[in-house]
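Below you'll find the structure, written out as structure tokens, and then a few comments.
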Amino acid sequence: MVMANSEILRRRAVLPIGTVMDLTTLTARQIRYYETQGFVHPSRNAGNHRMFSLTDVDVLLSIVQQRKSGLSLGEIRRMREVKARQTSDSDARKMLQDDILNQSGFTQAGRGPYGQGFN
DNA sequence: CTTCTGACA
DNA sequence: TGTCAGTA
């Protein structure tokens, strides 16, 4: 699984809920609720206060947009799940290609190291 | 001062 | 969801 420095930085939890409220126009109540629904995963600091990452903010912003376009939270959750599967598949395809390129795996003809179902 | 959890309308 | 209470 590749991850650029920028991605690592985007995942670092450094924003208090107050800042996230300003950035997303959401109330603390809504942000905490979305956390219970599994949309964002803020970490906690020494004082048990939530600390959000830029990735969390992106997710929250997309929720704000999707809600404006009429989608329910449940529908938004489904969209998230579908995209997660598509990402997994493309990641798996990439892993298979890498294996083919460096001649690892598929040495005994037959099933690859990732089983069937892809491509 | 900011945030947290639990609870009620 | 908003809001109030009592904390940390």
Checklist outcome for this item: Output field dot_bracket for DNA chain B (Watson-Crick or G-U, both distances under 3.5 Å, | for other-strand pairs) contains .|.||||||
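Proximity of L23(A) to L61(A): side-chain heavy atoms (C-beta onward) are nowhere separated by under 4.5 Å. Y33(A) has its side chain within reach of L73(A): a pair of non-hydrogen atoms, C-beta onward, lies under 4.5 Å apart. Using a 4.5 Å heavy-atom threshold, the side chains of R50(A) and R32(A) count as touching. Contact check for I17(A) versus H49(A): no side-chain heavy atoms found under the 4.5 Å cut-off.
In terms of hydrophobic clustering, with Ile, Leu, Val, Met, Phe, Trp and Tyr side chains grouped at heavy-atom distances under 4.5 Å, L60(A) and M51(A) are assigned to different clusters. In the hydrophobic cluster analysis, where Ile, Leu, Val, Met, Phe, Trp and Tyr join through side-chain heavy atoms closer than 4.5 angstrom, I76(A) is grouped together with V57(A). Linking Ile, Leu, Val, Met, Phe, Trp and Tyr residues whenever their side-chain heavy atoms come within less than 4.5 Å leaves L54(A) and L9(A) in two separate clusters.
The separation between M21(A) atom CE and dT2(B) atom C1' is 10 Å, rounded to whole Å. What separates OH of Y33(A) from C1' of dT5(B) is a distance of 17 Å, to the nearest Å. As rounded to whole Å, 18 Å separates atom P of dC1(B) from atom CD1 of I17(A). Residue R67(A) contributes atom CZ, which lies 10 Å from atom C1' of dT1(C) at whole-angstrom precision. If you take CZ of R44(A) and C1' of dC4(B), they are 7 Å apart, rounded to a whole angstrom. Rounded to whole Å, atom C1' of dT3(B) lies 13 Å from atom CD of E35(A).
Side-chain atoms of D58(A) and T55(A) include no donor-acceptor pair closer than 3.5 Å.
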Checklist outcome for this item: B/S/- along nucleotides 2-8 of chain C (protein heavy atoms under 4.0 Å) is BB-----
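Put simply, R50(A) has a side-chain N or O that comes within less than 4.0 Å of OP1 or OP2 on dC4(B).
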